[in-house]
Structures are given as structure tokens and as C-alpha cells.
2 protein chains.
Amino acid sequence: MQKASVRKGGIERDDVIAAALKLLGPNRSVSSLSLREVAREAGIAPNSFYRHFRDIDELAVALIDLAGGTLRQIIREARLRVSAGGEVVRPSVEAFMEQLGSDDKLLHILLREGSVGSDAFKQAVDRELRHFEDELRDDLIRLSQVDWPKAYQPALVSKAITRLVFAMGSAAMDLPPEQRQQMTDQTVEMVRMIVVGAQALAREVPSPN
Amino acid sequence: MQKASVRKGGIERDDVIAAALKLLGPNRSVSSLSLREVAREAGIAPNSFYRHFRDIDELAVALIDLAGGTLRQIIREARLRVSAGGEVVRPSVEAFMEQLGSDDKLLHILLREGSVGSDAFKQAVDRELRHFEDELRDDLIRLSQVDWPKAYQPALVSKAITRLVFAMGSAAMDLPPEQRQQMTDQTVEMVRMIVVGAQALAREVPSPN
DNA sequence: CACATGTCTATACAGGTGTATAATGACTGC
DNA sequence: GCAGTCATTATACACCTGTATAGACATGTG
């Protein structure tokens with residue numbers, strides 16, 4: 001008598017989402033999915049789609065929200081690896097890139113399709129991206145208290161790193177594994193540049209707070 | 001009697017491209033354009049489209065190539081501004097962001113749609129992006145010979161800057177002007193971090209060449 | 001039992017899509 | 001002047017789209 005779970009053996013919201021994910025691929029973007037197509041893949045009548053989502057855009061937003069979970073998983077794993085060894089940048093970037101390698105299409109959506117589609121869709125992507133930035137910023141602050149020199153504008157640094165890593169990840173996505181490893185190495189170096197640069201600038205012009 | 005210019009007052013390739021550009025907007029991506037729609041906008045019969053392009057993908061690639069011109073224009077202007085004053089980063093980034101502000105939709109295409117669409121489309125975007133990277137790298141090398149300390153891995157630096165600036169530009173695109181100015185300031189700072197960081201790393205671990 | 005309720009389906013409609021075909025009309029060279 | 005060569009067009013086809021409508025079926029309640 002609650003929401004809508006497992007009433008019969010019937011098709012549920014999650015099955016529709018799964019069907020949509022099955023349709024996505026390197027040449028198939030969320031915004032190109034049609035309602036009928038998703039319904040067909042899910043094995044339901046086109047009209048039954050409306051029982052689960054108002055329209056195809058609502059499905060897209062649901063996909064993004066789901067992708068947010070993948071993102072949080074990445075953060076969690078990166079944090080584990082960091083606390084283990086002494087290095088910070090490399091294990092984090094590698095955690096990210098590895099998640100990219102798995103055929104989990106959710107992350108792909110978040111990386112590639114942030115800038116096309118409906119406003120609701122774009123806002124949903126932006127929300128998740130900012131979430132990522134915020135977590136990274138807090139991590140940076142925490143790290144700077146432990147064993148780093150006082151960081152220069154951690155919010156800016158986290159934003160720069162996030163955008164850069166996402167851009168590199170997006171480019172790495174449809175590359176063969178060996179080139180992807182190279183992209184990982186490059187990304188690690190780039191992030192180091194940002195971090196070291198921020199510290200150097202902090203020494204020149206001390207941060208206001 | 002050459003290619004196909006101004007045979008009559010008839011519709012030409014460029015008019016079709018112009019029509020496609022007219023249709024694009026913040027919620028309208030290249031990959032969502034239909035052949036009939038573009039033909040309608042251009043005032044020609046759907047079939048006449050084929051006289052100018054093999055299919056809609058070829059139009060998309062043509063748009064990208066055109067956008068490359070916009071990009072080169074940005075580079076040229078940035079170079080002028082740099083040689084005028086002493087600063088390097090800010091005038092360059094500002095030139096980029098200003099071009100973004102103009103309603104020249106070409107740059108928008110390049111920024112937002114690099115990761116969706118056909119393979120040919122993605123390759124075309126990547127080609128232009130690499131072109132941008134190469135020019136920036138050469139500029140960096142040239143600058144380092146003049147009055148900068150020897151730069152650390154200019155190719156990597158230029159790649160990082162390019163990807164970052166593009167990502168920031170993409171995000172800035174559908175922001176109101178005042179927030180866009182803020183994004184510009186942030187981007188300038190980020191690029192400085194990369195440059196300064198690269199120089200600092202160069203001092204620690206001297207570049208192989 | 002009868003009845004109402006909610007979920008799914010089949011059918012249908014109006015419109016859009018890419019493209020094959022044949023016809024129109026303007027231009028060339030002879 | 002006339003046939004040939006184009007670019008362009010109108011028409012047509014098969015298919016896809018989102019959604020309105022109404023019927024089928026199972027369920028819960030009296």
C-alpha cells in the first residue's frame with residue numbers, strides 16, 4: 001500500500017530505467033531516446049511508460065540522479081585508497097578512470113551529456129557535478145590541515161580539478177585501454193600542476209581566509 | 001566554372017549551413033536537427049539537401065570545421081592582446097570568453113557537443129580541439145624562450161589549459177553576464193595555477209628535454 | 001456476489017522522418 | 001531552334017513518433 005514496489009511480477013520503474021540504459025551506447029545519447037523505444041525495450045506498451053514517468057525528460061533526470069550514486073562510489077573508493085598510502089592525487093584519479101573503464105553507463109551519461117538536453121536535465125547534471133566539487137573541496141581542506149601547507153582557495157582548486165578530470169575522462173572514454181592509461185598519467189600530472197600551483201600562489205599572495 | 005558559387009541567385013551550401021545555425025540554440029543540439037527541418041528553414045525542398053551534403057552528419061562536420069575558424073580567430077585575437085600588454089593569461093582567457101558572449105553559435109557547438117553524435121562528428125571536434133592545443137603549446141614554447149623560465153612539459157600544460165578552459169566556457173555559456181564574468185575570473189586563476197604549478201614542478205624535476 | 005478501482009493493453013490518429021521516383025524548368029552547346 | 005544536362009521540385013512511400021481513447025483484466029471492498 002506504499003509506493004509501487006513489486007505489486008505483481010509486473011514491470012516497475014527500475015525496469016524501465018534498466019531498459020533505457022541498455023539502449024545507451026557510444027553513439028546513442030540520452031536525449032536521442034524515444035519513449036516508444038524505451039517502452040519496447042522494457043517490454044511494455046508505449047502508454048504504460050506514463051505510469052512511471054511523466055515524460056522522457058523525467059527519465060533522463062532519473063538516470064542522472066542514479067549516476068550521482070556512481071559518482072559518490074568513486075569518491076568513497078578514492079578516499080579509501082588515499083588513507084591507505086601516502087599519495088593523494090594518483091590513487092584518486094585512478095579510481096575515477098577505473099570506474100570509467102567498467103561498462104557502467106551511468107558515469108558516461110554524467111560526463112558526456114551535461115550540456116545538451118532539456119533545462120531540467122542540465123540542472124540535474126550540474127547538481128551532481130557541484131556535489132562532486134564540494135566533496136573534493138572538503139577533502140582538500142581536511143588534507144591541508146593534516147599535512148599540507150595552507151591551500152590557496154580550495155573551492156577554486158576543487159572546481160578546476162573536477163572540470164579537468166571530467167573533461168579528460170570524457171575524452172578517455174572511447175579510447176583503447178592502453179591510451180586510456182596514458183590519459184590517466186597525463187591527468188595525474190595535470191592535477192599535480194594545479195595543486196602545486198595553488199600552493200605556490202598561496203605563498204606569493206596569502207589567501208584572505 | 002569552378003566549384004559552385006553564385007550560379008544563379010540560388011541557394012548554396014553556405015545558406016544551408018546558415019539555416020542550420022539559425023535553428024540551433026541552448027536547447028537545440030546539432031544531433032537533434034532533422035534534414036527536413038534544415039531544408040525547410042533554408043527554403044528548399046528536402047531532396048535538394050542532398051545536392052549540398054550527403055547526409056545530416058556531413059552538415060554537422062561542416063559546422064564543426066567552420067567552428068574551427070572561430071577558434072582560430074580567438075587565438076589570433078588573444079595573441080594580439082598578449083603582445084600588447086605584459087600579461088598573458090588574462091587577455092587570452094578574456095578573448096575566449098568574449099567570443100563566447102557573442103551569439104556566434106559556432107563556438108557553442110564545439111564546446112558542448114564534442115561527445116555526442118556520430119563518430120565522424122566526434123572526430124571532427126577532436127581534430128579542432130587538438131589544433132587549439134597545438135597552437136597553444138607552440139605559444140607556450142615561444143614564450144618560455146623569451147621571458148619565462150623553461151616550461152615543464154608544454155604539451156601537457158597546453159592540453160590541461162585547453163580542456164579546462166573549454167569546460168569552464170561550456171559551463172559559462174548559459175549563465176547571465178555577471179556570473180559569466182565571475183567564471184572568467186575563476187578561469188584566469190585556474191590557468192595561472194596550472195602555469196605556476198608547471199614551473200614549480202620544472203624546478204623540482206627538470207624536464208627531460 | 002456485484003461493483004468500483006487501478007493497471008495494462010490494443011487501436012488509432014495526426015504529424016514527423018529519410019529518401020525513391022518522376023516531372024518541371026532553366027541553362028548549355030550545336 | 002532544339003536536344004541534352006543539370007538543379008530543383010512535387011509527390012509518394014514506409015516507418016517512426018507522442019499521445020488520446022477505450023477495452024481487458026485483476027484486484028480490493030461492500
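Naming convention: chains lettered A, B, ... in sequence-line order (proteins, then strands); numbering from 1 in each chain.
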With side-chain hydrogen bond (donor to acceptor under 3.5 Å, both in side chains) as the test, would you mind laying out the steps for Gln181(A) and Asp185(A) before giving the verdict? CA-CA 6 Å; Gln181(A) 179 57 44; Asp185(A) 295 339; 3.1 Å; yes
Rounded distance in Å - CG (Leu35(B)) to P (dC15(D)): 19 Å
Winner on side-chain proximity to Ala45(B), out of dT8(D), dT9(D), dT19(C), is dT9(D)
Between the side chain of Ser32(B) and the main-chain N/O of Arg28(B), is any donor-acceptor distance below 3.5 Å? no
For dT7(C), does the base pair up with any side-chain atom of Asn47(A) as donor and acceptor (N or O, under 3.5 Å, distance only)? no
Rounded off to whole Å, could you give me the CD1-to-P distance for the Ile56(A) and dC16(D) pair? 16 Å
If we ignore hydrogens and angles and just use 3.5 Å, is the side chain of Asp126(B) paired with the main-chain N or O of Leu129(B) as donor and acceptor? no
Taking the minimum atom-to-atom distance to the side chain of Arg51(A), which one of dT19(D), dT17(C), dT7(C) wins? dT7(C)
Check the distance between dG18(D)'s P and Asp57(A)'s CG and give it to me in whole angstrom. 12 Å
Going by heavy atoms in the side chains, are Gln199(B) and Val195(B) under 4.5 Å from each other? yes
Atom OH of Tyr50(B) and atom P of dA20(C) are separated, to the nearest Å, by 7 Å
Measure CG/Leu33(A) against P/dG18(D) and give the value in whole Å, please. 10 Å
If you assign Arg36(A) and Arg36(B) each to the DNA chain D nucleotide with the nearest heavy atom, which residue ends up on the more 5' nucleotide? Arg36(B)
May I ask you to say what Asp55(A) touches in the nucleic acid, namely base, sugar-phosphate or nothing, with a heavy-atom cut-off under 4.0 Å? nothing
Sugar-phosphate only, base, or nothing, as touched by Ser48(B) at under 4.0 Å among non-hydrogen atoms: base
Are Arg40(B) and dT17(C) close enough that a side-chain N or O sits under 4.0 Å from OP1 or OP2? yes
Can you tell me the distance, in whole Å, between the CZ atom of Arg54(B) and the P atom of dT19(C)? 11 Å
Between C1' on dT8(D) and CD1 on Ile44(B), what's the gap in Å once rounded to a whole number? 9 Å
I need the CZ-P distance between Phe49(B) and dT9(D), as an integer number of Å. 14 Å
Does Glu133(A) come within less than 4.0 Å of Lys159(A), counting only side-chain N to carboxylate O? no
